[in-house]
Amino acid sequence: MKIYNTLSREKEEFIPLMEDKVRIYACGVTVYDYCHIGHARSAIVFDVIRRYLKHKGFHVTYIRNFTDIDDKIINRANQEGITWDTVAGKYTDEYYRDMDRLGVGRADAEPKATEYIQEMIDIVKGLVEKGFAYEADGSVYFSVDTFSGYGKLSKRDPEEMIAGARVEVDERKKNPLDFALWKKSKEGEPFWESPWGLGRPGWHIECSAMSLKHLGESFDIHGGGADLLFPHHENEIAQSEAFTGKPFARFWIHNGFITIDKEKMSKSLGNFFTIREVLDTFDPEVIRLFLLSTHYRSPIEFSDEQLHESETSIDRYYSTIMRINDFLEKDYNVKNDFSNSGKIFKDLLFSFRDRFGEAMDDDFNTALALGHIFEIIREANRFLDHKPSGTKDRELLLLTKELLSEAGSVLNIFDRTPHEWYLSLMKIKKIGLSEQDILEKISERQDARQKKDWGSADAIRKELEEKGIILEDKKDRTDWKIKVG
RNA sequence: GGCGGCGUACCCAAGUGGCAAGGGAGAGGUCUGCAAAACCUUUAUGCAGCGGUUCAAAUCCGCUCGCCGCCUCCA
């Protein structure tokens, strides 16, 4: 399998450092506010990467951290007149609420920066002793000049960066690119004791400390949003490799941004939607499908229209499952051969696992994988149109369900029954009726239909349709669905 | 200014040397009491533009145009 490695800017064959074990560290969030849909993308991308590697049989250790001490948290606490750890605690809880709803699994460990203060201090101390860092006025800085590989991830030349005017000038730094490993705490700020006095950790050092602790000096995959590439990940490499003398992460994976009007969604631009806002109008599965229908490295333009299309796609899956279920419920005559259309469908179905795997093996190409999934859905419908019959045909449709659900489990979609899907839509779309109400209307309409009173029957259907409920007449009954798109 | 990415149909989107996936929208049709769903047909001799390399280019190279990102906190 191939993974695009930011370090080489190429797709590389992925071979874990330890036989069948894969160790992944992904940068999580700073818990100072509700998460927006961009955070959801990153979380879902790495969730799928982890699920797929497991699916392939790797033993995966996945670590995702929380930054729970930081300027933004402190500012927020000051604004609201509460303590910094109350802020961090609150938004950690909110983060879990959003992620649970989105079907993002918990990592194997979810360390918080403040639980690793001692480990961070040990690394900083080591870096000072080895001459990679220096103390200045109670703070400790990493000396970029001492680390020859500085810039290898972001492909930047330190000399040229200094020329760029946007690097903040700090008198205490030997080189403007030097970054804080340990920050002296100001009056009223949270602090921990250290060999350099009272202070708190710099931002980058936490990931070095926590990955070292949980995954060791060298591990397989380090990931995060593309905006972390520089300076965060560049600095992590410098600190970690200077400290251990060993290569840090083998593969660097960066997910692309979500855009609004082609511009990056971000807190500072104010053009963001929180996860919970989007969850108000769309089912979590719809959001997952939307985010996975574009390759993880490409930007995704956030739009209502696209979300509606994803909703239609998910509905297409559940409608097809309903059709298959209807077919499987029926009596069948025992016949052991495939029908003609069965033979054609069989070939496509039997090759599905390979094609799905091929797509995912190619740098987690979920968009292509979904293409294969929807091809199966189309062909299954076509097969059903051709009046399948007999045991062999039945088996094909059972296999269809199995394959779709297996592929879905990697993406963590398709895990409900059609009925559950429609009940969820009923809530989200605020249909004013209960299922009981709908069933009563249906039965009322059935009576009218028996009497061939088409006028009344159509009136009931129209009435329901105006409320967002679609009726589907079948041979022996009428099913209801929620209108999508 | 430095570095990087992107531009594929009406819309979204895969495709990195060999017949342009998949979905949505539109139009027409089959099925149906009528619908819905589903299926079928239809929509790029064409991949921002112009050159070049090659038997062969969306794909490789060069230039041009347009959009975006990073270089400061960011998923």
Side-chain angles (χ1 to χ4, degrees), chain A residues 6 9 11 26-30 32 35-46 67 70-72 75 151 154-157 159-161 163-168 177 203 223-232 234 254-259 261-269 272 289-290 293-295 297-301 303 305-306 308-313 315-316 319-320 322-323 355 359 362 365-386 449 452-455 457-458 461-462 465 470-474 478-481 483 485:
Chain A
T6 311
R9 306 283 159 120
K11 281 184 198 170
C27 288
V29 294
T30 301
Y32 75 106
C35 287
H36 60 64
I37 199 77
H39 298 107
R41 182 180 195 188
S42 191
I44 287 171
V45 162
F46 289 100
T67 298
D70 156 276
D71 287 347
K72 291 192 293 286
N75 289 342
S154 55
K155 306 283 182 264
R156 285 182 162 82
D157 180 349
E159 299 282 317
E160 281 171 11
M161 273 193 282
R166 296 178 73 184
V167 181
E168 167 199 351
L177 295 180
W203 172 35
D227 42 7
L228 298 181
L229 214 156
F230 188 89
H232 184 54
E234 193 68 62
H254 292 96
N255 66 273
F257 302 126
I258 292 186
T259 58
D261 293 329
K262 299 262 171 106
E263 272 189 326
K264 178 186 170 185
M265 178 184 288
S266 76
K267 276 278 163 64
S268 44
L269 285 168
F272 62 89
L289 187 81
F290 166 68
S293 55
T294 298
H295 185 89
R297 280 188 280 121
S298 305
I300 301 182
E301 173 75 9
S303 82
E305 195 193 334
Q306 289 308 312
H308 277 112
E309 273 189 25
S310 297
E311 187 177 80
T312 303
S313 294
D315 191 63
R316 189 165 155 76
S319 293
T320 303
M322 241 163 102
R323 271 194 90 185
R355 282 177 298 132
D362 185 9
N365 194 337
T366 53
L368 180 58
L370 284 166
H372 295 322
I373 285 174
F374 283 98
E375 190 185 14
I376 290 292
I377 288 174
R378 186 192 61 214
E379 292 305 316
N381 274 309
R382 200 228 287 257
F383 179 50
L384 284 163
D385 277 357
H386 282 83
R449 292 184 75 217
K452 296 209 189 305
D453 178 1
W454 306 126
D458 290 352
R461 185 169 55 202
K462 196 168 175 221
E465 194 187 340
I470 300 286
L471 297 187
E472 283 192 11
D473 292 333
K474 313 230 165 137
T478 297
D479 283 340
W480 63 273
K481 292 163 82 165
K483 198 176 175 178

Spacing of [X] atom [atom1] relative to [N] atom [atom2], expressed in whole Å:
{"X": "A/I300", "N": "B/rG23", "atom1": "CD1", "atom2": "P", "result": "19 Å"}
{"X": "A/E379", "N": "B/rA21", "atom1": "CD", "atom2": "C1'", "result": "13 Å"}
{"X": "A/W480", "N": "B/rA37", "atom1": "CH2", "atom2": "C1'", "result": "16 Å"}
{"X": "A/E311", "N": "B/rA25", "atom1": "CD", "atom2": "P", "result": "12 Å"}
{"X": "A/Q306", "N": "B/rG23", "atom1": "CD", "atom2": "C1'", "result": "10 Å"}
{"X": "A/D315", "N": "B/rG23", "atom1": "CG", "atom2": "C1'", "result": "13 Å"}
{"X": "A/N381", "N": "B/rC40", "atom1": "CG", "atom2": "P", "result": "9 Å"}
{"X": "A/M265", "N": "B/rC68", "atom1": "CE", "atom2": "P", "result": "16 Å"}

Nucleotide nearest [X] when distance is taken to its side chain, options [options]:
{"X": "A/K155", "options": "B/rA75, B/rG33, B/rC3", "result": "B/rC3"}
{"X": "A/T30", "options": "B/rA75, B/rC39, B/rA37", "result": "B/rA75"}
{"X": "A/R378", "options": "B/rG15, B/rG69, B/rG23", "result": "B/rG23"}
{"X": "A/K262", "options": "B/rG24, B/rG22, B/rC67", "result": "B/rC67"}
{"X": "A/P231", "options": "B/rG33, B/rA75, B/rC73", "result": "B/rC73"}
{"X": "A/T312", "options": "B/rA14, B/rA75, B/rG24", "result": "B/rG24"}
{"X": "A/F374", "options": "B/rC40, B/rG23, B/rC73", "result": "B/rG23"}
{"X": "A/I258", "options": "B/rA38, B/rA75, B/rA14", "result": "B/rA75"}
{"X": "A/L368", "options": "B/rC11, B/rA14, B/rA36", "result": "B/rA14"}
{"X": "A/D473", "options": "B/rC11, B/rC70, B/rA35", "result": "B/rA35"}

What distance, rounded to whole Å, do you find between the two [atom1] atoms, one in [N] and one in [M]?
{"N": "B/rC40", "M": "B/rC31", "atom1": "P", "answer": "16 Å"}
{"N": "B/rA48", "M": "B/rC39", "atom1": "P", "answer": "31 Å"}
{"N": "B/rG17", "M": "B/rC12", "atom1": "C1'", "answer": "27 Å"}
{"N": "B/rC6", "M": "B/rU42", "atom1": "P", "answer": "33 Å"}
{"N": "B/rA37", "M": "B/rG28", "atom1": "P", "answer": "16 Å"}
{"N": "B/rG18", "M": "B/rA58", "atom1": "P", "answer": "10 Å"}
{"N": "B/rC47", "M": "B/rC60", "atom1": "C1'", "answer": "15 Å"}
{"N": "B/rG23", "M": "B/rU16", "atom1": "C1'", "answer": "23 Å"}

If you take atom types as modelled and just measure distance, does the side chain of [X] reach the base of [N] with a donor-acceptor pair under 3.5 Å?
{"X": "A/R449", "N": "B/rG33", "result": "yes"}
{"X": "A/R41", "N": "B/rA75", "result": "no"}
{"X": "A/E309", "N": "B/rG23", "result": "yes"}
{"X": "A/D70", "N": "B/rC73", "result": "no"}
{"X": "A/D458", "N": "B/rG33", "result": "yes"}

Taking any heavy-atom pair under 4.0 Å as a contact, classify [X]: base, sugar-phosphate, or nothing.
{"X": "A/H295", "value": "sugar-phosphate"}
{"X": "A/G38", "value": "base"}
{"X": "A/G371", "value": "base"}
{"X": "A/K481", "value": "sugar-phosphate"}
{"X": "A/L471", "value": "base"}
{"X": "A/K72", "value": "sugar-phosphate"}
{"X": "A/N255", "value": "base"}
{"X": "A/G485", "value": "nothing"}
{"X": "A/R156", "value": "base"}

One thing to verify: whether A/R323 and A/D385 come together as a salt bridge, which I'm taking to mean a side-chain N less than 4.0 angstrom from a carboxylate O. yes
Checklist entry - Charged N to carboxylate O below 4.0 Å: is that the case for A/E379 and A/R382? => result yes
Sorted by position of nearest nucleotide on RNA chain B, 5' first, the leading residue of A/R297 and A/R316 is A/R297
Whichever of A/E305 and A/D227 has the more 5' nearest nucleotide on RNA chain B, that residue is A/E305
**Prompt:** In this structure, are over 12 heavy atoms from other groups packed under 6.0 Å from A/K474 atom NZ?
**Reply:** yes
(message) Between A/E301 (side chain only) and A/I258 (backbone N and O only), is there a donor and an acceptor less than 3.5 Å apart?
(response) no
Donor-acceptor pair, side chain of A/D315 and main chain of A/E311, under 3.5 angstrom: no
Using purine N1 to pyrimidine N3 plus N6-O4 or O6-N4 for Watson-Crick, or N1-O2 and O6-N3 for G-U wobble, both under 3.5 Å, which nucleotide pairs with [N]?
{"N": "B/rC55", "value": "B/rG18"}
{"N": "B/rG33", "value": "none"}
{"N": "B/rG69", "value": "B/rC3"}
{"N": "B/rG46", "value": "none"}
{"N": "B/rG28", "value": "B/rC40"}

### Task
Return the stacking result for B/rA75 and A/F257: yes when the ring centres lie under 5.5 Å apart and the planes under 30°, no otherwise.
no
To the nearest 0.5 Å, atom NE2 of A/H39 lies from atom CE of A/M265 at 10.5 Å
| field | Geometric cation-pi criterion A/R156 and A/F230, 6.0 Å radius, 45° cone | value | yes
